[in-house]
Each structure stands twice: as C-alpha cells, then as structure tokens.
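Just so you know, these numbers use all the heavy atoms, side chains as well, and skip hydrogens, waters and symmetry mates. The structure presented is a predicted model; accordingly, all values stated were derived computationally and were not measured. Chain A is the first sequence line, chain B the second, and so forth, proteins listed ahead of strands; every chain is numbered from 1.
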2 protein chains.
Amino acid sequence: MNDWTLLRSFLAVLRRGSLSAAARETGLTQPTIGRHIDELEAGLGVALFTRSPNGLAPTETASALVVHAEAMEAAFAALKRAATWSGDVVQPRGTVRISASEVMGTFVLTPILADIAERHRDIILELALNNRTDDLLRRDADIAVRMTRPKQNGLVARRIGHVPLGLFAHRRYVAAAGLPADIEALRGHRIVGFDRDDHSARMVAQSVLPIKRDLFSFRVDSDVAQAMAVRAGLGIGMMQKSMAQADPDLVPVLADQVALQLECWLVVHEDQKDQSAIRAVFDGLAEGLGGWLETMASR
Amino acid sequence: MNDWTLLRSFLAVLRRGSLSAAARETGLTQPTIGRHIDELEAGLGVALFTRSPNGLAPTETASALVVHAEAMEAAFAALKRAATWSGDVVQPRGTVRISASEVMGTFVLTPILADIAERHRDIILELALNNRTDDLLRRDADIAVRMTRPKQNGLVARRIGHVPLGLFAHRRYVAAAGLPADIEALRGHRIVGFDRDDHSARMVAQSVLPIKRDLFSFRVDSDVAQAMAVRAGLGIGMMQKSMAQADPDLVPVLADQVALQLECWLVVHEDQKDQSAIRAVFDGLAEGLGGWLETMASR
DNA sequence: TTTCAATCATACGTTTTTGTATAGTCGCTG
DNA sequence: CAGCGACTATACAAAAACGTATGATTGAAA
C-alpha cells in the first residue's frame with residue numbers, strides 16, 4: 001500500500017459523504033472513486049466506510065485517519081505555494097497564505113492587505129480565517145496573525161502591539177435591561193459568548209472576568225457572529241473596541257472595570273522568513289498593523 | 001498540478017541523485033521517474049533539477065520544497081501506522097513508533113522495549129533515533145522520549161525522572177594529560193563535544209559550564225560517537241553516567257563540581273493517547289524508564 | 001402506492017500510464 | 001586512447017487505470 005493518490009479520494013468521500021459527490025468534487029468518476037476506496041481498504045486492511053444506498057458513512061477508523069490525510073493535503077498545498085516563490089528574485093512574487101482570526105482578518109487585515117497587494121502586484125494573497133493555533137506547524141499558512149505568543153520552536157515572532165477589548169451592548173438592550181453596576185451584576189444580564197471553542201476564554205484567562213460557559217445566555221463560536229449578536233441587541237458581549245466604535249448604537253459596558261487588551265503577534269517559519277515574497281508581506285503587515293494598533297491605542 | 005504521486009518520485013530522485021537510482025528505490029523504471037520529474041516541473045512551472053550524464057542535481061527551488069514533500073511522506077507513514085490500531089480492541093495491537101535520542105534509544109530503551117514486546121506480542125515497535133524535537137509535530141513518531149519539557153499545544157507529557165550526566169575521560173588519557181584541578185583548567189585539555197548540532201548545549205545551558213563550540217578539540221554530532229571518542233582516550237567528554245559506568249576504564253572528571261542532570265519526559269499526542277496500543281507502550285516505557293532512572297539515581 | 005431522484009455496483013471499451021529495449025552522452029581507468 | 005560503467009533520452013508495446021453505460025437498490029415525495 002503506497003499510493004498517495006488514494007488518499008485524495010478518501011478525503012473527498014469523507015467530506016462529501018458519497019462516492020458520487022466525491023467524484024464530482026475531484027473531477028473523477030464514481031466507479032473510479034469506488035475503486036480507490038476499495039483499494040485503500042484492501043491495502044490498509046481496515047474497513048473505512050459502511051456502504052449504503054444513500055452514501056458512505058465513515059467508520060471510527062476512518063475518522064482517526066483523517067488528520068493524517070489532511071496533513072498530507074496541507075503539505076501538498078504548502079509545496080505548491082513554495083514553488084511560486086522560485087528564484088526568489090528581486091521583485092517578490094508568488095502566493096502567500098495568511099492565517100488570522102475571523103475578526104482580525106475580516107475587519108482589520110483587509111485594508112492592510114489591499115495596500116500590500118497594491119504595492120506588490122506579483123504577489124497573490126490568501127487569507128485563512130480560523131482560530132486554530134497550529135496553522136503554521138501544519139504549514140497551512142505562511143504567515144500567522146495571532147493574539148498569543150507562539151511557543152513552538154522553529155518559528156519567528158514579532159510583537160506588533162496591543163488590541164484593546166471591551167464589553168459592549170446595543171443602545172436598545174441597555175434601554176430595556178439597564179447597565180450593570182459592577183462585575184457581579186453581570187450575572188443578572190444576558191451575555192453573549194462562546195459555545196464550545198474556548199480559545200478566547202483562554203486568551204483572557206489572566207483577566208479579572210470569571211469567564212465560563214454557563215455564564216452565557218447566547219452562545220456562538222464565531223467572533224463575528226458574537227459581535228453581530230451584540231449589535232442586534234441580544235445582550236452584552238466582548239468585542240474589539242475598533243469594531244464597537246464603528247457602530248454608534250453600541251455603548252461600552254463597565255469600561256472602567258473591564259479594560260482588556262490582547263497582544264498581537266506576527267509569526268513566520270524560520271526557514272521561510274527570507275523568501276522575498278513572504279518578507280514583503282510580513283513587513284507590510286507589520287507596518288500596517290502597527291500603524292492601525294497605534295491609532296486604536298490613542299483613541 | 002494535483003498528482004500527489006509525483007512527489008514520491010521527486011523525493012527519491014532528491015535522495016538518490018539520479019533517475020536510475022530513484023527508479024531502483026521506488027520499484028519503478030527510469031523512464032517513468034523521468035516523466036514524473038518532467039511533469040512535476042511543468043506543473044509547478046519551475047526547474048527542479050539540472051540534468052547531467054552522471055545524475056541530477058537539485059536546484060535551490062527543489063531544496064526549498066523538500067521539507068513539504070517530506071511532511072507528506074511522514075503524514076502518509078503516520079496514516080498507515082494509525083490504520084494498524086483499528087478497532088482499538090482490548091488486546092492492543094499495531095505499529096508504534098518511538099522517537100528518542102541516540103544514547104537513550106541505543107542503551108537504555110532497548111531492554112525496556114524488549115520487555116514491552118514480550119508482554120504485547122501483537123505490537124510492532126519502531127525506534128527512530130535522532131535529536132530533533134519536532135518528531136511528534138510532524139507525526140514522525142507516536143511517542144517521544146525527550147530530555148526537555150515539550151512546549152507545544154496538543155501534546156501530553158509525563159516527567160519520568162532525571163538522567164545524571166557527568167564528565168569522563170579514559171584512564172589512558174588521564175595518565176597522559178592528568179586531571180584538571182577545576183573548571184577553568186579544562187581549557188588546557190582536549191575536550192570532546194558537538195560539531196554543529198548544539199541541542200545538547202542548549203539542554204545544559206542552565207549549567208555552570210560555559211559550553212561553546214570553540215572549546216572542543218574533537219567534534220562530532222553523534223552522542224554515541226562522542227562517548228566512543230572518550231572511551232578511545234581522545235579527551236574529556238560529557239556523557240550519561242550509566243554509559244560511563246559500564247566501562248571500568250573511564251574515570252569521572254570534576255565529579256564534585258560538574259553534577260548535571262537532565263529531565264526525562266515521555267510525550268504523546270493528545271488525540272492518540274487513548275489508542276490502546278500507544279497506551280500500552282507508553283505505560284510500559286513509563287514503568288521501565290522510571291525504574292531504570294531510580295536505580296541510576298541511587299548509585 | 002407509485003414515481004422520482006438519489007445512491008452504489010458491474011461490464012466493457014478507451015485512454016493513460018508504465019515498462020522494455022535501444023541509442024546516445026559523459027567521465028573514469030587501464 | 002579505447003573500453004567500461006554510469007547516466008539520460010527516445011520509441012514502441014504491454015499493462016493498468018479510467019470513463020461510459022447500464023442495472024439494481026433505497027428513500028422520499030406525489
């Protein structure tokens with residue numbers, strides 16, 4: 001068993017849930033995908049899917065293997081990106097993939113990246129939005145914007161500045177429920193917070209707030225959705241001040257008692273930091289983010 | 001360009017240095033490998049090798065891509081291993097790969113692993129000897145024996161105990177060059193140490209010894225070769241006390257002033273620690289290593 | 001209940017990929 | 001300087017992989 005191609009079909013079936021759908025995704029045909037799965041099961045000596053007329057359901061074994069198949073996929077994508085930097089000429093060019101949180105990527109990075117794209121027309125930019133911290137390790141991205149200091153070896157990190165956070169609520173909510181007098185009084189309010197993904201909670205663990213899941217009466221894992229929920233008057237929630245200030249109907253809550261800020265880090269792989277395309281984007285991000293964070297801090 | 005198989009040929013050519021040799025390694029033929037390289041170069045749009053009558057030399061680009069291809073390879077190997085744990089039955093079985101340093105793996109682990117293999121006949125053991133610390137991240141191994149506390153997320157680590165180190169020299173060397181009176185006097189002696197790989201230096205950075213490369217008059221990166229050099233009378237070198245005590249001709253040097261010990265950690269992936277095969281090996285290692293470290297400490 | 005839109009499985013012809021055989025080039029050695 | 005051993009490149013045949021077409025089964029909607 002040593003045919004790497006079979007795993008592409010494996011991933012496709014796992015994601016689409018059927019041979020036919022996987023065939024559509026990969027550009028192959030249903031019999032081919034079926035043969036691939038057969039061959040893979042025979043080669044590994046395990047059952048990967050339970051066949052049924054309405055699709056294929058992955059077995060436990062298949063679920064355990066998916067991380068490795070995805071690692072192969074990520075490595076392949078990284079290889080293709082790295083090939084675009086070839087020669088590393090004076091004029092930087094190629095594809096650079098950036099990983100960031102939803103909020104940072106959507107609201108902060110986009111204008112900065114627009115500027116970088118303007119200055120370096122030969123650089124293609126990719127933006128991966130999620131809150132995982134292992135993007136660089138898996139080479140899922142070339143540059144990461146993170147809110148925690150990276151701990152791994154082999155990474156080069158630069159601290160850019162601080163991002164101020166605060167509690168906010170919509171004017172309408174405040175009119176109906178009032179403002180809490182102190183932190184304890186928050187318990188009587190509707191709080192918007194995370195569902196399962198407690199990355200934001202871990203990040204602010206050093207804070208004065210006792211953040212736990214049962215505190216929240218509205219739960220979503222998407223930071224952007226949390227912000228939208230607050231803007232919709234669903235309750236009090238934590239968000240970046242820059243986002244809140246963009247909406248005149250949002251009022252700060254306990255601003256004097258809850259003043260929180262996250263460190264902002266720019267991270268690259270040690271062995272990639274001298275690629276001209278990556279360096280150009282890194283420097284652009286450092287400059288753009290630095291300026292943006294300064295204007296935020298001075299407000 | 002999305003044929004994962006081409007990268008296997010790419011790796012083979014890179015390692016063997018010629019199409020023909022790569023063909024022999026992979027079990028394919030020289031024309032096939034040649035076509036694969038052609039196709040890969042065309043697909044990526046870069047030159048990977050400079051052809052010559054006595055082989056293919058990798059370009060700079062090719063060297064930059066090798067890490068990603070190797071990541072794919074490692075992920076594939078990990079997938080195949082993980083498939084052997086299927087079902088996760090009561091009786092643990094499958095292939096478990098352990099990463100350790102040369103010294104630990106060669107001299108300490110082997111008897112312990114023999115014991116584990118005896119108790120679990122359905123477990124196949126693999127032992128990868130190197131001093132890299134990213135084995136687990138790349139999933140190059142399932143369990144790692146390390147001398148430093150792992151810092152990464154997603155890993156579970158257990159501290160097993162301490163490994164005592166010391167300076168030693170061969171009786172013959174001492175007869176010729178004498179024993180140093182204090183640490184400063186080491187400068188007048190022949191010292192056996194690392195060449196380029198300063199992992200051991202970093203590990204003992206907190207020590208009293210000012211370890212730098214120019215201190216050494218004999219340099220090898222292999223810890224085992226260092227120990228052999230000391231046993232051959234080449235000079236004074238640092239080694240595990242357990243190894244030194246196995247040779248009656250070795251005498252401790254500055255034992256009262258240089259007493260060093262490394263922490264010994266057992267590390268496993270969070271999402272794999274409940275696989276019965278891995279758990280069996282992990283527990284066996286913890287028990288065996290723990291006992292061994294205790295007898296070492298009591299000497 | 002019947003029909004329809006999915007699905008997976010199988011048979012067969014075609015395309016693509018691979019292997020075999022051979023020619024040609026370079027460097028090394030006697 | 002000739003011969004040998006290593007390599008790459010090319011031409012053609014064999015084998016493997018793939019796609020098309022079709023049948024069979026299921027589940028949901030009419």
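For B:Pro31, whose side chain is taken as the heavy atoms from C-beta onward, the closest listed nucleotide among C:dT7, C:dA21, C:dT18 is C:dA21. With distances taken from any side-chain atom of A:Pro53 to the nucleotides D:dC7, D:dC18, D:dT25, the minimum falls on D:dT25. The side chain of B:Gln30 lies closest to D:dT8 when the candidates are D:dC18, D:dT8, D:dA11. The side chain of B:Thr32 lies closest to C:dT18 when the candidates are C:dT18, D:dC7, D:dC18.
Taking side-chain N and O atoms only, B:Arg35 has no distance below 4.0 Å to OP1 or OP2 of C:dT18.
Here D:dA9 presents its P atom at 11 Å from CD1 of B:Ile37, a figure rounded to the nearest Å. Here C:dT29 presents its P atom at 13 Å from CG of B:Asn54, a figure rounded to the nearest Å. Atom P of nucleotide D:dA16 and atom CG of A:Asp3 are separated by 14 Å, given to the nearest angstrom. Atom CG of B:Asp38 and atom P of D:dT8 are 12 Å apart (whole Å). Taking atom CG of B:Leu19 as the reference point, atom P of D:dA9 lies 6 Å away to the nearest angstrom. One can place CD1 of B:Ile33 at 14 Å from C1' of D:dC7, the figure rounded to the nearest angstrom. The distance from atom NE2 of B:His36 to atom P of C:dT16 is 15 Å, rounded to the nearest whole Å. Note: CZ (A:Phe49) to C1' (C:dC8) measures 14 Å, nearest angstrom.
A:Phe282 has its side chain out of reach of A:Lys273: every pair of non-hydrogen atoms, C-beta onward, lies at least 4.5 Å apart. Counting heavy atoms from C-beta outward, B:Pro92 and B:Arg279 have side chains that stay 4.5 Å or more apart.
Each of B:Ser52 and A:Thr29 lies near DNA chain D, and the nucleotide nearest B:Ser52 is the one positioned closer to the 5' end. Comparing B:Leu28 and A:Arg24 by the nucleotide of DNA chain C whose heavy atom lies nearest to each, the residue mapping closer to the 5' end is A:Arg24.
Looking only at distances, no side-chain donor or acceptor of B:Asp195 sits under 3.5 Å from a matching main-chain atom of B:Arg219. Not a single donor-acceptor pair under 3.5 Å links the side chain of B:Trp85 to the backbone N or O of B:Arg93.
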Q: Decide yes or no on salt bridge (charged side-chain N to carboxylate O under 4.0 Å, His left out) for B:Lys80 and B:Glu126, but give the supporting numbers first.
A: CA-CA 13 Å; B:Lys80 282 203 287 188; B:Glu126 295 180 2; over 6 Å; no
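Within 4.0 Å of A:Gly55, counting heavy atoms only, lie sugar-phosphate atoms of the nucleic acid but no base atom. Residue contacts for B:Ser18: at a heavy-atom cut-off of 4.0 Å it reaches the sugar-phosphate backbone alone, with no base atom in range.
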